[in-house]
Amino acid sequence: MIAERMTIAGRDGLPVYGLWIDGKAVEGAEPVLVRNKFTGEPMAWVCTASREDVDRAVSAAERSFRSRPLSPFERYEWLSAAATWIRARREELVNLLVDEVGKPHKDTVVEVDRAYHAMLLAAEEAKRIGGEVLPVDSIPGSERKMGFAIRVPLGVVAGITPFNYPFLLAVHKIAPALAAGNAIVIKPAPQTPISTLVLVQGLVECGGPPGHIQVIQGGAEVGQWMLEHPGFRFYTFTGSARAGERIKAGTGLRRVALELGNSSPNIVHSDADVVRAVRICAARAFSAAGQACISVQRLYVHAPIFDEFVERFVERVRDLKVGDPRDPKTDVGPMISEQDAVRAETWVREAVAQGARLLAGGTRDGAILEPTVLTDVRPEMKVVCEEVFAPVVTITKYNTFDEALAMANDSPYGLQAGLFTRDVGRIMRAARELQYGGLIVNDASTYRSDLVPYGGVKGSGIGREGPKYAIEEMTDLHVVIVDLTEEGEDR
Ligand SMILES: NC(=O)C1=CN([C@@H]2O[C@H](COP(=O)(O)OP(=O)(O)OC[C@H]3O[C@@H](n4cnc5c(N)ncnc54)[C@H](O)[C@@H]3O)[C@@H](O)[C@H]2O)C=CC1
Ligand SMILES: O=C(O)[C@H](O)CS(=O)(=O)O
C-alpha cells in the first residue's frame, strides 16, 4: 500500500516518491532522503518541487476544478469512500506514521482514528452546504424584494501542514477543500512527506478526479513559492506562529486560515479530582513528546492541593515508558529531530540557570528528551512564554482564581486552555475571561474534538477548522436580491 502509485523510481533499494501533479506521479527536483525518526534508517526518497512544479500544480488544479465540478452528493460519496479506505488500512497507516513521525504507537492510533472521523465529517458536511434566506423585505421600501445567500466554491486552495500530526492535519485541509467543491495543492512538512502521499493515493483510488488534488514537496522555500503564486484563492496552514506571520504577510488580500502555536495553560483548582487531574495531565503533557500546539505546557495548581499534586504528578511522570515508538506500551518517543531536542534541552537548562527547579527529566539521548517537569519558573522564561513543543511542563502555584486566570492569559497565544474544577460558576467565568479559542473542562488542553470550530485568538491564528467551519472558510457567500414587482404594479 505504501504509496506505490506515487513511486517514480527506485534508488539504493528504496522507493523514490514523486510529486503528484495533474493526476500523475512526476519527477521533481533533487530527491531528499526521509528517515525513520527513531532508528534513523532510510525509509524513502522524496522529490522536492521547483518553482515551475508549483506553477504546474496550480494550473493542473485549476483545469481539474473547471472541467470536473462534482455535485455535493458526488463529493459525499468520494470522501465517504476515502474514510472507509482509511479505516481498512488502519494498521498499515499507524506503522507508517510511527516510523515517519516517531510518535508512539498509542498516540498514532489516535491520529489515524481521528483522521477517519474527520474525513467522514467532511463527507457528511458536503451534503449540508446551505445558505440562507435574507429578510430583505423587512425594511420599508423593499417589501417586493426577495433575498438569499448561497455558498460557492473558491477554486484552487493551498494547504500547508506541519510534521506533528501529518496525516490528520492533511485530512483537515484536503477533505473540507474537496467537500466544498474546490481543488487543493497540498504541501506536507519536509520531515514527514510520505503519509500525505499515501492519503492522496487513497483518495485517487476512491474514484474522485485525480487532478482535484496536487501534492508538492519541500520546505519553507517551496511554501514561499506557493504564497507568491497568484493562482491560489485561499491558504490553510498549520504550524509555527513564525511561519504563520510570513503567510499572512505574503498572501495580500487573499483569505487565510492559520492554526498556529500555543503555550497551553491548564488550571487545577482545589475542588477538582486531583488523582484524575494528575493522571490526565501526565498523559496529555507528554503524548507525541509534547509536540502538539495544544499540549499541556503550563500547569497552574491551587495552593491547597499544590504539594499533593506535584508529588503525585512527578511520580506519574517518572513511571512513563520512554523509548521505542513502535512498542504499544511506550508513552514518550523521540522528538522530530535531535536538533529540536537540543533546542528544548537548552531551554530547560536556561530556565534552571535562571532559578527554576527541575523535578523530573531534563536529560537527553539523541532525539529523546526525558519527560521534564519544572517548578519555581517565571513568566519570562522560554519554557513558559514560548511554545516549547517538547516533553516539558512547568508547574506554578496560585492562591486565588483571579491569579490563575491572569497567569493563564499572560501569553501571546490563545489556542486552548484546560480547567479542572467542579464549580459551574468558575467554569463560566473562565469561559468568558480566558482569552483562548477553546476551553477544555475536566480534561486537558490537549483534547481536541475534530467536530468543533477549532482555532485560536491572539498569536494562535486566524479562522476555524473542523470540517463544517473549514468548508465555510473555503467557500464564497454570494448574496442574491430579486425584485418581485409584477407588471403593472406601481412600485
Ligand atoms: N502549532 C502547531 O500546530 C505547530 C507548531 N510548530 C512549531 O514550529 C516549530 C518548527 O516546526 P516546523 O514543522 O518546522 O513548523 P513550521 O511552521 O516551520 O513548518 C510548518 C509547515 O510550514 C512550511 N513553512 C515554513 N515556513 C514557511 C513559509 N515562510 N511559507 C510557507 N510555508 C512555510 C513548512 O515547510 C511546513 O510544511 C516547532 O518546533 C513548533 O514550535 C510546528 C508544528 C505544528
Ligand atoms: O498542530 C497541532 O498540534 C494540532 O492542531 C493538534 S491536533 O489537532 O493534531 O490534535
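Computed over heavy atoms, backbone and side chain alike; hydrogens, waters and symmetry mates excluded. Numbers here simply count residues along the sequence, with the first being 1.
When all heavy atoms of Q191 and F163 are compared, the pair lying nearest together is NE2-CD2, 3.7 Å. Of all heavy-atom pairs spanning V268 and A277, the tightest one is CG1-CB, 4.0 Å. Minimum interatomic distance between E111 and P166 (heavy atoms only, all atoms of both residues): OE2-N, 3.3 Å. Here the shortest heavy-atom pairing between A83 and M119 reads N-CG, 3.6 Å. Listed here is the closest heavy atom pair of L419 and I427: CD2-CA, 4.0 Å. Taking both residues in full, the closest heavy atoms of V393 and V296 are given as CG2-O, 3.5 Å, listed atom of the first, atom of the second, then distance.
Within a 6.0 Å radius of NZ in K248, other residues, nucleotides and ligands contribute 12 heavy atoms or fewer. Annotation: E380, atom CD; neighbour count of heavy atoms from other residues, nucleotides and ligands within 6.0 Å is above 12. Heavy atoms of other residues, nucleotides or ligands lying less than 6.0 angstrom from CZ of R246 number 12 at most.
Note that K103 lies in the cation-pi zone of Y165, set by a 6.0 Å cut-off to the ring centre and a 45° limit from the axis. Y447 does not carry R284 over the face of its six-membered ring by the limits of under 6.0 Å from the centre and within 45° of the normal. Relative to the six-membered ring of W85, R87 misses at least one condition, a distance below 6.0 Å or an angle of at most 45° to the axis.
Between the Q214 side chain and the D22 main chain, a donor and an acceptor come within less than 3.5 Å of each other. A distance-only check finds no donor-acceptor pair linking the side chain of R255 to the backbone of R233 [under 3.5 Å]. In this structure, E125 contributes its side chain and I471 its backbone to no donor-acceptor pair below 3.5 Å. Without hydrogens or angle criteria, T196 side chain to P193 main chain gives no donor-acceptor distance under 3.5 Å. The main-chain N or O of D55 is found under 3.5 Å from a side-chain atom of S59 such that the two form a donor-acceptor pair. Checking side-chain atoms of N182 against main-chain N and O of V157 turns up no donor-acceptor pair under 3.5 Å. Under a 3.5 Å cut-off, the side chain of S142 and the backbone N or O of S138 do not form any donor-acceptor pair. A side-chain donor-acceptor contact under 3.5 Å links Q291 to the backbone of A288. With hydrogens and angles ignored, the 3.5 Å screen pairs no side-chain donor or acceptor of R279 with any backbone N or O of F313. In this structure a side-chain-to-backbone donor-acceptor pair under 3.5 Å is missing from E77 to R75.
For H269 and F420, the ring centers sit 6.0 Å or farther from each other.
In this structure, a donor-acceptor pair under 3.5 Å is absent between the side chains of D423 and T421. No hydrogens or angles considered: nothing links the side chains of D107 and S287 as a donor-acceptor pair under 3.5 Å. Looking at E100 and S195, their side chains do bring a donor and an acceptor atom within 3.5 Å of each other. Using modelled atom types and a 3.5 Å distance limit, the side chains of K458 and Q435 yield a donor-acceptor pair. Under 3.5 Å, the side chains of S270 and H302 contain a donor-acceptor pair of N or O atoms. There is a side-chain donor-acceptor pair under 3.5 Å between S264 and N262. Between the side chains of R464 and Y454, no donor-acceptor pair of N or O atoms lies under 3.5 Å.
Between F73 and Y76, the angle of the ring planes lies from 30° to 60°, which puts this pair in the tilted group.
Between N164 and L169, some side-chain heavy-atom pair lies under the 4.5 Å cut-off. R298 is not listed as a side-chain neighbour of T396, based on a closest heavy-atom distance of 4.5 Å or more. Between R90 and V109 the shortest side-chain heavy-atom distance falls below 4.5 Å. The shortest distance between side-chain heavy atoms of D53 and V222 does not fall below 4.5 Å. Side-chain contact between N266 and Y300 is absent, with no heavy-atom pair separated by less than 4.5 Å. Side chains of S263 and V384 form no contact here, defined as non-hydrogen atoms less than 4.5 Å apart. Contact of the V256 side chain with the F234 side chain is not registered, since no non-hydrogen atoms from C-beta on lie closer than 4.5 Å. Between R144 and E489 the shortest side-chain heavy-atom distance falls below 4.5 Å.
The CZ atom of F237 lies 4.0 Å from the CD1 atom of I247; values are rounded to the nearest 0.5 Å. In this structure, OG1 on T238 lies 10.0 Å from CD1 on I160, to the nearest 0.5 angstrom. Here the straight-line distance linking atom CZ of R343 with atom CD of E386 works out to 9.0 Å at 0.5 Å rounding. Taking OG from S449 and CG from L121, the interatomic distance works out to 8.0 Å, rounded to the nearest 0.5 Å. Put simply, NE2 on H117 and CD on E124 are 10.5 Å apart, with the number rounded to the nearest 0.5 Å. Between L70 atom CG and S64 atom OG the span is 8.0 Å, to the nearest 0.5 Å.
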Assess the residue pair K145 and D483 against the criterion (salt bridge (Lys or Arg N to Asp or Glu O under 4.0 Å)); give the C-alpha distance rounded to whole Å, side-chain angles, the decisive distance to 0.1 Å, and a yes or no. CA-CA 5 Å; K145 304 284 186 195; D483 188 303; 2.6 Å; yes
Would you please test T192 and I336 for side-chain contact (heavy atoms from CB on, under 4.5 Å) and show each step? CA-CA 9 Å; T192 55; I336 194 66; 4.1 Å; yes
Check the pair D137, M146 against side-chain contact (heavy atoms from CB on, under 4.5 Å), reporting the backbone distance first and the verdict last. CA-CA 7 Å; D137 58 350; M146 162 73 186; over 6 Å; no
Test log, rule salt bridge (Lys or Arg N to Asp or Glu O under 4.0 Å), inputs E205 and R5: CA-CA 9 Å; E205 288 179 2; R5 276 179 191 249; 3.7 Å; yes
Evaluation steps, side-chain contact (heavy atoms from CB on, under 4.5 Å), between K173 and I184: CA-CA 9 Å; K173 311 293 185 198; I184 184 166; 4.2 Å; yes
Quick one: do R51 and E221 satisfy salt bridge (Lys or Arg N to Asp or Glu O under 4.0 Å)? Show the steps, please. CA-CA 9 Å; R51 189 191 279 264; E221 183 183 35; over 6 Å; no
Should E465 and R448 be marked as a salt bridge (Lys or Arg N to Asp or Glu O under 4.0 Å) after you check the CA-CA gap, both sets of side-chain angles, and the distance that decides it? CA-CA 11 Å; E465 268 191 349; R448 175 182 174 182; 3.5 Å; yes
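Using a 4.0 Å cut-off between charged nitrogen and carboxylate oxygen, E433 and R429 count as a salt-bridge pair. Between E62 and R66 there is a salt bridge, with a side-chain nitrogen of the basic residue lying less than 4.0 Å from a carboxylate oxygen of the acidic one.
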